[in-house]
Asks: 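First the structure, which I've put down as structure tokens, then a few questions once you've had a look.
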Amino acid sequence: MRSVRGLGLTFLARRARASSLLLACLAATVLISTGLAAVLWSFAVAVIPQGAGSALAAPQGRVMKLTGVTNAGEAAADSKLIRGTLREAWPGVRFQMQSALWAEPVQLSITSSGTYSTQIQPASLAGLRARVTLTAGKWPGAPRPGSPVPVALPAAAASRLHVGLGSVLTGSPPSGGPKVSLLVTGLFQAKHPAALYWGVDLVASSGITVQHYTISTAGSSEPATTVSYGPAVLNPAAFSGGLAVTQASWLVLPQANAMAHGNVFALAARTTQAVSKLSVALPEGLQVTSRLPQLLDGLGSTSVLARSLFTIAALMLLLVAGAGLALAARLLASLREDESALLRARGATRWQLARPVLAEAVLLGVAAGSAGVLIGTRLTGVLARLGDLRVEGHLSGSITSLAWLSALVMLVLCAAVMAWPALQAVTPGAARLRRARQARLAGMAWAGGDLAVLALAVVAVWELRGYSAVAHPGPGSLGIDPVVAIAPALALAGLTLIPLRGLPLLARLADKVTDYERRLAAAMVSWQIARQPIRQAGPALLVVIATATTTLGLAGYASWRQSVADQAAFTVGSDVRVDAVDGVPPTAAGRITRAPGVTAATVGSVAGIGHGGELIALDANTASKAILLRPDLSPLPVGALWRRIHPHPIGETLPGAPARLAILAAIGRRGSSSAAEIRRYIGSPTATAWIQDATGVIYQLPAGRLPADGQPHALVVTLPGRRLASYPLRLIGLTLSFVVPPYDRSYEALGPTATLTIESLAVSRTARGPFAAPFRHGDALSSWASEAYSPSVPTGPSGAYGQIPTTDGVGPFAGLVRRAGQAARIPFQAGHDPSPKIQREFGFDAAQAFDQLMITAQPATASVPAIATDGFLAANRLHLGSFTSVSPDGGPGITVHIVASVRRFPTVFGQNRALIVDYGAVNGLLAANLAQPLPVTTWWLRTVGGRVPRLPAGLGLSVVTTASQRAALLSNPLLTAPRQAMLAIGVVAVLLGVLGFSVSVAASLRARRTQSAVFAALGIGKTAQAAQLCLEQCVLSVPAAAAGLLAGIGLAHLLVPAVTLTTDAAAPVPWALVVVPLGPAVALALVTAAAPVAAAALSVLRRPDPAAQLRAEAV
Amino acid sequence: MVIADGIRRTFGSGHTAVHALRGVSFTIERAQLVALRGRSGSGKTTLLNIIGGLDDPTSGSVWVDGREVNRMTERERLALRRDRVAFIFQSFGLVPMLSAAENVGVPLRIAGLRPTERRERVAAMLALTGVASHAAHRPDELSGGQQQRVAIARALAGRPGLLIADEPTSQLDLETGQQIMELLLSVVRSEGVTALVATHDEALIGVADQVIMLEDGSVAGIQSAAGVESAAGLGPVGAEGG
Ligand SMILES: Nc1ncnc2c1ncn2[C@@H]1O[C@H](COP(=O)(O)OP(=O)(O)O)[C@@H](O)[C@H]1O
Ligand SMILES: [Mg+2]
């Protein structure tokens, strides 16, 4: 009995020495886990304010503007109310507040119809003087009764009003009331017109605001314009004089830093509350404009998500560590089983057995845990200075309470798993039986708990299916999203139990098989599984959990990076996108597509088509190389998609790479017009050739003059050249422009009639010198359409000028293009001016009135094929095959034929409404309809290294790049750090898995020393034994690793879509894809499953001594 | 069958060197039952291990079946133990995970016997050793005597030419030990194997064809069934205690 009671320190020390390997493994597991947990929590604590800080850094996001209709008395109270309300909403957050008081505007002039008025806006702005420079005069003093009120005006407004110092402006308020006179005493200019301060200014900081609106009166509505000038800055004393305060405005700017360190979620809620409270504060309410509530809301959701992701990581870590500890503790217990049984036999109670183990566990847990916390916190300081993880300035360097909590959890876990077997200790006889009959115990030991965990796992998986953290921004008291945080660990725990359940079944099967097995090695493998399922299950379980965690970590991180890349590519549409809002001249387009460093380019034009939709016209021939369209966004393969809208080129292709084109043409007399008349009236029309290049850009190039002398003349066009245009070029139209023939009573309803003949087309490769023989006869153009019109001749009652009386002018008219031998012939009549009397009435300028005669190539169909986004189809109730008409930027309508659809298209956000057409096809159709082509506004460029190429200056270009977008997203620690944490857990899971599994293999090596010696005596060599050991361990560990891999992939598919969100906690566009980096995942799984086995096998090869072993056993 | 010629075995070196065998020589004829006597520590186990190729002599040589064991490669020794020599250990040496029948089947699996043949042979051996009714029991569920019977069954299952038994009854009570010795004797006779048994069992010594007495690593005397043979010429003559 004495020896039982004396289980003291010496006993502990001796026992510890005997099982030092397992104890070291336990300690290392605790150390690594708590260390990583400390790193994790230090980052979690630091990253959230840092992310919030960077999101709130821009003052535009934080500023709050308030305006309200009020009077002088109320305005002061309002200021107080605003200050008080916001102070309550933002405890501990300091904020700046600016205010301004506004009098009713003074109307200076108004047209009789009331559609155009000018007014001046008197106001007093607090703090204005510090932000402007007085350019002339002095600041206004207090007004004297009876004399004009002194004001200072913005210099720009004064110059537009043509007033200066000393000018007096007089008017009355638009609402009526007494006249007000303002005396200009000073002129000022804003120091920084873009400064946030000017938010308090109701007039634009330029000093002039133009408002367009419609005046609706019974039945009719008319557009109207009001131009406001101001502010006309008053001395505040003026408000106690003649002017009354009618409006007040405030600008509030809270401090970013204090906000970022507070509870963002609570702050968001209180801000929203304050805004709604203020908006009903005044009788007529305050108008509050601010993005702050939304910004804080999004930030709150994101930080909840970040915290949840950190929690996921922590729980996964706990799971892996728990499995590792349980395995080591079980091995420890089985190592000491005989000893415990002996002690039991000598009368030790369970508690007496458990006590030393608990003491051991607590010693070990406290030491390793504290070391882990200290090392982890130290490590955080080092890591935080490394490139990607930079969170400097936010790390306090002190240990977070969460790190201590993690250490405590590990301690409890460690004590529990170590004491558990001791509390269940059995008698010596039973111990022997237990070893022999593990299989039977297996079923019972796992019966209850695993089913419960499995049920929870099923619930977790069910919850995660289709879950999105967007929809659940609930802050909860924990500040985490419980579903996102807990479900993965639960699901994993459950998933791993499934194979465990299956193991006894497998064991029975294996047992059957051995009987029919001829070779020993295979039989031994089966026996190992069949006879020791629990022993085998421990390491298998650890391998499953570790591999699944690693896979999830890898997949989570890779998916996030992929999503960031996808979002960036979607925003830009290519490596680099160049935009010219108003378009650039056609010849400049080529200088951008051919800029050095560009490897592929697509030109195009983006135009609005109403209802939030847009028309993206781009060169479909090059799109597949330049546009970054993620394949899953299109139901068709991307190549096939572009082929659907490939254009059918129209016009006559110019062979080779010509420098010049010559069109041999003539204008001759026809019908009753004499040759002299034609010469006199039509003269020498100016010719313009319409040339379209391979990318769809249309060049309108001068082609000289064509004298109407009946003789053929060469219209020579100098082509843009290969440096500027993409060859081959096509001639798609020809315009002749001439002054409208004068009024001649003899013509009456017709003008002179003539014939345009196109004889042939020829090209030259050189800029001067003779042309080659014609490559095409004129008759090739006989399928072209002709049109003649004059934009300036009023043409009778049905003309566009509805209210204009009937005129006697005649517009031109063109007949059909006909074939005449080898030439094409277009009869036309030239029209004529109206009579001098009508000319006078209209103010018609005969010298400026031109006729246009055009012939244009016609497309095969009157519509262009288009790809529609799903959003466009849904909004317009259209489907594949539909035709619809759109007017790009309100211009002439074009008919599009929807031939394909995409779920999403790069650069299209909002309601996802867009049509994508071929740029050349649209331009061809527009040209065929005599409309101006769409200007080139956009270039999608693939470039060397994704860098911005050297672009021509002076074109007003703006540039966005995928690389910079991606960098911006990745630099947000709130989004990136939690993924890095998951990755870190994944890596540590490998470490813990290898550690636990290695120890288990080592333990089994020790356990089988005798068996190994017996086998040696039976004639089985060390190589065969090593191979057998490998086979045995791998037979379970490799399938376990495979199962873990699958579980990890499954979890990633559940989790990644739910947690991949943008900074505003919105679902990313395009949606996130689950990316599993199979190579690294499989490699790490193999490391976990096979490396320890291989190492063990090598150690077997190194030192077998069967004789010594047999001797040791015999003693 | 077995010839030992001047076997020396020294463990360690210098001060701590232990001379377990100091030049042991003897000859064992085919189908003989030979008893090896000697006090604990006299070098019996060391000698048996060297004969079975589990250990190497420091000098001297051993021939089994006319082949010099200490000149064999590791591969050849393994083959020797697989096919020619079987061990019976003091501590039985059964694989605890396997049933009696499975333990007996191990050498047959190593030999690659067909499952049906194997089953027949296992059943026959278990019947021969009297543990047929315990075929499905694991070693932990068997008494020491039963375990040693199983061990004997396993040793003989592969039809070895030479059976080496190292104090097979030392962990058994007297009565069981006697039964085991009787069994060993009868199966050795019935199977016709050569057997070298380290033992103190007087019954066995009584019926042995030859008794080799070891003392402090040297042969103290060899007694054949015909009587005591002089140890002179075979090695240093030590004090003869019997
Ligand atoms: N591996 C070894 N290392 C050191 N000494 C050994 C070793 N094996 C045996 N001995 C020593 O050799 C002597 C003979 O041992 P052993 O052959 O086991 O004798 P027996 O089997 O007769 O009891 C003993 O003194 C023992 O201590
Ligand atoms: Mg011995």
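A note on names: the letters A, B, ... follow the listed sequences, proteins ahead of strands, and every chain is numbered from 1.
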Asks: Taking side chain as everything from C-beta outward and backbone as N, CA, C, O, which of these in B/R77 sits under 4.5 Å from a heavy atom of chain A? Side chain, backbone, both or neither.
Replies: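 For B/R77, there is no contact with chain A at all, as no heavy atom is under 4.5 Å.
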Asks: So which part of B/R154 gets closer than 4.5 Å to some heavy atom of chain A, the side chain, the backbone, both or neither?
Replies: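 For B/R154, the contact with chain A is made by the side chain alone.
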Asks: Rounded to the nearest 0.5 Å, what separation is found between the CE atom of A/M524 and the CZ atom of B/R109?
Replies: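 CZ of B/R109 is found 10.0 Å from CE of A/M524.
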Asks: With a 4.5 Å cut-off on heavy-atom pairs, point out which of B/L94, B/T116, B/L113 contacts chain A the most.
Replies: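 Top option by heavy-atom pairs under 4.5 Å: B/L113.
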Asks: Considering only heavy atoms, which portion of B/R114 lies under 4.5 Å from any heavy atom of chain A: side chain, backbone, both, or neither?
Replies: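 Contact with chain A: backbone and side chain both.
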Asks: For the interface with chain A, which of B/R75, B/E102, B/R118, B/R119 has the highest count of heavy-atom pairs at distances below 4.5 Å?
Replies: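 Of B/R75, B/E102, B/R118, B/R119, B/E102 has the most heavy-atom pairs under 4.5 Å with chain A.
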Asks: Compare every heavy atom of B/R81 with every heavy atom of A/A1016, then report the nearest pair and how far apart it is.
Replies: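 Nearest heavy atoms, A/A1016 then B/R81: O-NE, 2.7 Å.
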Asks: On a heavy-atom basis, which atom in A/Q1011 and which in B/V95 lie closest, and how many Å separate them?
Replies: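 Of all heavy-atom pairs spanning A/Q1011 and B/V95, the closest is OE1-CG1, 3.9 Å.
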Asks: Measure distances from B/S40 to the heavy atoms of chain A and classify the residue's part below 4.5 Å as side chain, backbone, both or neither.
Replies: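 Neither part; nothing is under 4.5 Å.
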Asks: Side chain from CB out, backbone as N, CA, C, O: work out which of these in B/L98 comes under 4.5 Å of a heavy atom of chain A, or both, or neither.
Replies: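 Its backbone and side chain both get close to chain A.
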Asks: Is B/I110 close to chain A through its backbone or its side chain, or both, or neither, when contacts mean heavy atoms under 4.5 Å?
Replies: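 The answer is both parts of B/I110.
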Asks: For B/L78 and A/I1020, work out which heavy atoms get closest and say how close.
Replies: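 Closest heavy-atom pair between B/L78 and A/I1020: CD2-C, 3.7 Å.
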